[in-house]
*Asks:* 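Sharing a structure, written as structure tokens. Questions coming.
Keep in mind the model is a prediction, meaning the values are calculated, not measured. By convention in this document, chain letters (A, B, ...) are assigned in the order of the sequence lines, proteins followed by strands, and residues within each chain are numbered from 1.
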Amino acid sequence: MPIEPQDLIEMYKTMLTIRRFEERAAREYEERHIPGIVHSYIGQEATATGVCANLRLDDRIVSTHRGHGHCIAKGADLKRMMAELYGRKTGYCKGKGGSMHIADFSVGMLGANGIVGAGLPIAVGAAMAAQLEGGDRVAAVFFGDGACQEGTFHESLNLASIWKLPIVFVCENNGYGVNTPAEYSIPVKDIADRAAAYAMPGVVVDGNDAAAVYEAAGRVVKAARAGKGPALLECKTYRWRRHAESKAFAELRPTGEIEAWKSRCPIASLERRLLEEGMATGQELADIDSQVLALIEEAVRFAEASPWPAPEDALEGVYSV
Amino acid sequence: MPIEPQDLIEMYKTMLTIRRFEERAAREYEERHIPGIVHSYIGQEATATGVCANLRLDDRIVSTHRGHGHCIAKGADLKRMMAELYGRKTGYCKGKGGSMHIADFSVGMLGANGIVGAGLPIAVGAAMAAQLEGGDRVAAVFFGDGACQEGTFHESLNLASIWKLPIVFVCENNGYGVNTPAEYSIPVKDIADRAAAYAMPGVVVDGNDAAAVYEAAGRVVKAARAGKGPALLECKTYRWRRHAESKAFAELRPTGEIEAWKSRCPIASLERRLLEEGMATGQELADIDSQVLALIEEAVRFAEASPWPAPEDALEGVYSV
Amino acid sequence: MREITYAEAAAEALREEFRRDDRTVHLSTDAPLQLQKEFGRDRVRVTPISESAFVGAAIGLAGSGFRPVVNIRMATFMFVAMDQFINQAAKITYMFGGQARFPIVYRVSVGAGMSMAAQHSISPYSMFMNIPGIKLIIPSTPYDMKGLLKTAIRDNNPVLSFEHTALGQVKGEAPEEEYTIPFGKAALRRQGSDVTVVALANMVHVALEAARELEKEGVSVEVIDPRTLVPLDKASIRESVARTGRLVVVDEACQTGGAAAEIASVVVEDSQTFKRLRSAPVRVCAPDVPIPYSPPMEKFVLPDKQRVMAAVKEALK
Amino acid sequence: MREITYAEAAAEALREEFRRDDRTVHLSTDAPLQLQKEFGRDRVRVTPISESAFVGAAIGLAGSGFRPVVNIRMATFMFVAMDQFINQAAKITYMFGGQARFPIVYRVSVGAGMSMAAQHSISPYSMFMNIPGIKLIIPSTPYDMKGLLKTAIRDNNPVLSFEHTALGQVKGEAPEEEYTIPFGKAALRRQGSDVTVVALANMVHVALEAARELEKEGVSVEVIDPRTLVPLDKASIRESVARTGRLVVVDEACQTGGAAAEIASVVVEDSQTFKRLRSAPVRVCAPDVPIPYSPPMEKFVLPDKQRVMAAVKEALK
Ligand SMILES: Cc1ncc(C[n+]2csc(CCOP(=O)(O)OP(=O)(O)O)c2C)c(N)n1
Ligand SMILES: Cc1ncc(C[n+]2csc(CCOP(=O)(O)OP(=O)(O)O)c2C)c(N)n1
Ligand SMILES: [Mg+2]
Ligand SMILES: [Mg+2]
């Protein structure tokens, strides 16, 4: 199916929302309105966006420590996200989870995860649920290049393959696990090459090109819906900021490399395309940005205005009734 | 290097030693002289034998729950092995380990292991030691087809590859993990195909042909010694007996299949070759068998005559001094 | 009443609950054949030896509306999947603010005594007691196995069932009629007035033997089986000790950092109970060694009737 | 005396021991840069995020004559490699009958207080106390960090070092001269006569604060820091409680099944000490919840000076 202008504009808006959310989260972290740790998704927006644009509300995703982008792309509410980062009672997790644990089961976002590689088995379970339900739901799981050296990567892809589960494994290869280059940790050229070890398709895509991700993901999602089993989609991308928003994490990557990737900004390039192909005017895009900024502002105000959890709230909710 | 008749005869003797040891262990288990659990290596003798025939005393191996064959092939002492099975003080582990934990560090046998897949990381460490030592030692690690679905398989092969460690990963594909067929658990045709995911050579060999194993292992061991890094060697073989020597383990494999593999006995086929190619006479082979049987008998007598550990010995040896 | 084995009790519990709720699914490296026959290979699924993957998959299943039962077989195999238990299953209900429920039953066998050596002879429940978010059951009889397991399958939380290897073929009464056993209610296995013995799993039987023997010597022993470790029925234990004034805890796990330490602490830290305590609590556990293979040594490390009797006498001094 | 930070103390310990013994090697997902500079990328090796592989590789290295130091970073990452700790590192010395030595140091950071949420705020030492075969150190000062870590590197067994996140930049005295600290000897952090407070890691400082405050109120608190949990200096703890007659244990891990339960048990089960105990032991721990993210809740669950003071007063009642 050829990509519609409307889809591109939607994706543009989603990416911009992620970008603005992350910029704001970084600022609020810097100003100590957000405690703990925040892993910025800036630079990788096209991946979550392109993949999730293929998903329905009833499809399920599982995310990582760098999960804000996945949440937004899957349709999570900015206000409740920001409130969670602020540690407020109105946050998605009532302030119990924070950045690394945002989830919104109502939109099929089954949770970020602070443990590298831990989301894959959980997503396999979600895909098994989809299979047992008998419909055409799918699951998608995001993880970094670093996670591909964890045992769970291997076990999960294998399980999904032998059971022909409707799941897409989305590797966001941003070139580094903290400061360790992917080329150091991974002896094969493309992580997607590993798909062969599980008899599933492995696809490499430019993770900074939303349209390309959308199309590549579209093909594997469609196959998964049709009962043809899982796939591994490797999106080559880059994070612009340090590993996490804290000076405790040194930035050891070469400056030139960071700048080079910034010049390949996924949002700017989609913007160029939209303008060049006449799918949107500069004014329209500026309007989108204003809308997005307003939403973010609203989210921050919501968070600020939200009550703190009572200290004793900590004692509740360990078990479900 | 072409295989020498003497090597074949040595391997014949090793295989026969394993066979006779296992036959006797099964009988002693049946007669309750051996407690706990015993996983028989019968049918798979060519694998341990062919691989270890390429190893020096100072090379190191790591084994599995089905480890007697590896011990014997690496040169462990039958008396101390049998004494360990008998739970005696003179056993390799002073009666503390039993069948699943026999080790003989003096011959580079770094231990059997009751946890599927757990030996691979340990062997990677042994290979790293070899590399740091700067000589040309290698490590080899044995594991089953079932272990290839554990996360440790993936992590270990990857680590060995990026560090170009001198190690051979020997997968003994006997077609089953307990009663689960390898084809059920593994979506690729050959486990060796997975080597590509770690940019290392993957080799498939007839695990019932000692000479073939010897030659295939020889090539990858040589490469490892030369600093060319690791390899994955898949030996296709079969176990003749149930998963373990206890009726608690049902035998669910098709009878025909078991019989078919018995007709491909690794020992009988090497025997045929030795005779056909005139490398040994029937008498010579019968003499070997007698010698082997005598050694096993001696091992059993040693075990029987050995003292039990004192109950309080249990309290000693948790820590090294 | 009808008698069935501990293993049969578990099978019955599963069959009944699988019939009752078609959102139940079963995962294990080897499927229970009867269950698979009745409910099919899809719902009763054989897994490869990939514990992290299938322990975690159960979480995804549960979070998607299913009620998985996972048989890990021996408790020791949990360690290759430990992150999925500790950081995922136990924490996500809380961490996600209660958005979703995670009804999962993980079954594992524990205990030693079969010369399986250190790796395969472990009773690691105490470590999960320190990880809030998973309920822990520890059936000691066929009756309890069935009733606790049924409650576990209906519970909306991860439940870990510690089932003792040595009890598999042990028979006991269990009615044909439907029943469940509530969590957090200890069973009073025997009434007594001199000493309270709290015992776990197989040790319940050892404690009862000791109690019968001691009765002949004129010592009246009360035996309490907590049945579930999380939640723990502190009230019953304290009430009993307040009455007898003496506590012995019997567990075959290693002593240091074991459940026995928690049970002793629960008793002594309650000032009302503490006041009534007439002698130092005694723990009867395995010493702090990996369980050895050879029978004389293994027998030596596992608590037995003699050690329990000695401990009771110690408490009576 | 010279002052250095807890983090610097660790770096010094490593540097000195790496100079002393060229069989030492270092594995971690991110290498300590100074150490790597001095000893090279081969001996100070960066690993992929493959904890099972490199935790296990350390065992193979140790069994082959090396002395690996592995920095896992946060304790929570141990769980993905748990089998290698529990079934391998801890057991093989014993299980192999002592044929080989396994000198390995595993370093992990523990503790909460940084709004890192449940997965990254864990203090799981008690579970390792129940697994014989690994020694456990828990330094609370720069001096101890250096001395204990040096002893750990020279020890011929697996040692797990629990290092508190909040202490990294805390300064303390440490001599330039070579020293080591023996395992199994508690540090008496403060002498007192009314109540014995046994505190772990960061809680040592909280306990000391509480003790200073209580002194103003005329209460004399003795503060003991066990320094190592395995081996545990039972004698010093019991001796102190026998003198004061009262015990408070402070630990920020969750209460149930924690180290505090073991310490309380060690005290009460000793009949001489029990006899001198004048009130119920009190545990001051985190309640049984996963550690929450939001500061007001996190602050609420972590033991603080007020709770310690209240516990001391409770013990004095
Ligand atoms: C099991 C585990 N080991 C280590 C860590 C610490 N850690 C957090 S993020 C990270 C890097 C992950 O790299 P990658 O998977 O490429 O994701 P990215 O951060 O690049 O998005 C590491 C090592 C962890 N959270 N979990
Ligand atoms: C982590 C773990 N899971 C499960 C088991 C139980 N188990 C012991 S042997 C075995 C089968 C192993 O199959 P394979 O690796 O093919 O070796 P084989 O027995 O065929 O030699 C299983 C499941 C175990 N020991 N460890
Ligand atoms: Mg990355
Ligand atoms: Mg097999």
*Asks:* Is D:V80 close to chain B through its backbone or its side chain, or both, or neither, when contacts mean heavy atoms under 4.5 Å?
*Replies:*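 Neither part.
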
*Asks:* Going through the checks in order, is the side chain to side chain contact (heavy atoms under 4.5 Å, CB included) test met by D:T93 and B:V318?
*Replies:* CA-CA 6 Å; D:T93 297; B:V318 180; over 6 Å; no

*Asks:* Which bit of B:L110 is near chain D, if near means a heavy-atom gap under 4.5 Å: side chain, backbone, both or neither?
*Replies:*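 Looking at B:L110, backbone and side chain both touch chain D.
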
*Asks:* Rounded to the nearest 0.5 Å, what separation is found between the CZ atom of B:R137 and the OG atom of D:S64?
*Replies:* 7.5 Å

*Asks:* Counting heavy-atom pairs closer than 4.5 Å to chain B, which one of D:P132, D:P48, D:G60 comes out on top?
*Replies:*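 Sorted descending by pairs with chain B, the first entry is D:G60.
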
*Asks:* Please state whether the rings of B:F105 and D:F102 are parallel, tilted or perpendicular, taking 30° and 60° as the class boundaries.
*Replies:* perpendicular

*Asks:* Roughly how far, to the nearest 0.5 Å, is the CD atom of D:Q84 from the OG1 atom of B:T152?
*Replies:* 7.5 Å

*Asks:* Quick one about D:Q88 and B:N113 (side-chain donor to acceptor, distance below 3.5 Å, no hydrogens or angles considered), yes or no?
*Replies:*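 Short answer, yes.
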
*Asks:* Can you tell me which portion of D:I49 sits under 4.5 Å from chain B's heavy atoms? Options are side chain, backbone, both or neither.
*Replies:*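 The answer is neither part of D:I49.
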
*Asks:* Select one option (side chain, backbone, both, neither) describing which atoms of D:D42 are under 4.5 Å from chain B's heavy atoms.
*Replies:*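 Both the backbone and the side chain of D:D42 come within 4.5 Å of chain B.
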
*Asks:* If I measure from the heavy atoms of chain D, does B:A118 come under 4.5 Å with its side chain, its backbone, both, or neither?
*Replies:* both

*Asks:* Need one label for B:E84: side chain, backbone, both or neither, based on atoms under 4.5 Å from any heavy atom in chain D.
*Replies:* neither

*Asks:* A side-chain contact here means heavy atoms from C-beta on lying under 4.5 Å apart; do B:H101 and D:I92 qualify?
*Replies:* no

*Asks:* What are the two closest heavy atoms between B:V124 and D:A57, and how far apart are they?
*Replies:* CG1-CB, 4.2 Å

*Asks:* Within the side chain of D:Q99, is there an N or O that forms a donor-acceptor pair under 3.5 Å with the backbone of B:C93?
*Replies:* no

*Asks:* Measuring heavy-atom distances to chain B, does D:F66 have an atom under 4.5 Å in its side chain, in its backbone, in both, or in neither?
*Replies:* side chain

*Asks:* State, to 0.1 Å, how close B:S156 and D:A53 come at their nearest heavy-atom pair, and which atoms those are.
*Replies:* N-CB, 4.2 Å

*Asks:* Measure the spacing between CG of B:D104 and CZ of D:F96 and express it to the nearest 0.5 Å.
*Replies:* 11.0 Å

*Asks:* Does atom NZ (B:K94) have a neighbourhood of more than 12 heavy atoms from anything else shown, all under 6.0 Å?
*Replies:*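 No, NZ of B:K94 has 12 or fewer neighbouring heavy atoms, counting only those of other groups under 6.0 Å.
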
*Asks:* Which bit of B:A112 comes within less than 4.5 Å of chain D, counting heavy atoms only: side chain, backbone, both or neither?
*Replies:* backbone

*Asks:* Looking at NZ of D:K91 and CD1 of B:I115, how far apart are the two atoms once the value is rounded to the nearest 0.5 Å?
*Replies:*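 Going from the NZ atom of D:K91 to the CD1 atom of B:I115 covers 7.5 Å.
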
*Asks:* Measuring from D:M95:CE to B:K96:NZ, what's the distance to the nearest 0.5 Å?
*Replies:*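 The CE atom of D:M95 sits 12.5 Å away from the NZ atom of B:K96.
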
*Asks:* Heavy-atom distance under 4.5 Å to chain D: side chain of B:L120, backbone, both or neither?
*Replies:*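 Neither part; nothing is under 4.5 Å.
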
*Asks:* Counting distance only, does the side-chain N/O of D:N156 pair as donor-acceptor with the main-chain N or O of B:S320 below 3.5 Å?
*Replies:* no

*Asks:* Quick one: are D:R45 and B:W163 in side-chain contact, heavy atoms under 4.5 Å?
*Replies:* yes

*Asks:* Please answer whether the main-chain N or O of D:G133 pairs with a side-chain N or O of B:Y319 as donor and acceptor at a distance below 3.5 Å.
*Replies:*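 Pair found, side chain donor or acceptor close to backbone of D:G133.
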
*Asks:* Name the region of B:L157, side chain, backbone, both or neither, that has any atom closer than 4.5 Å to a heavy atom of chain D.
*Replies:* neither

*Asks:* Is D:V230 in contact with chain B via its backbone, its side chain, both, or neither, using a 4.5 Å heavy-atom distance?
*Replies:* side chain

*Asks:* Just verifying a value: how many Å separate B:I162 CD1 and D:S50 OG, rounded to the nearest 0.5 Å?
*Replies:* 7.5 Å

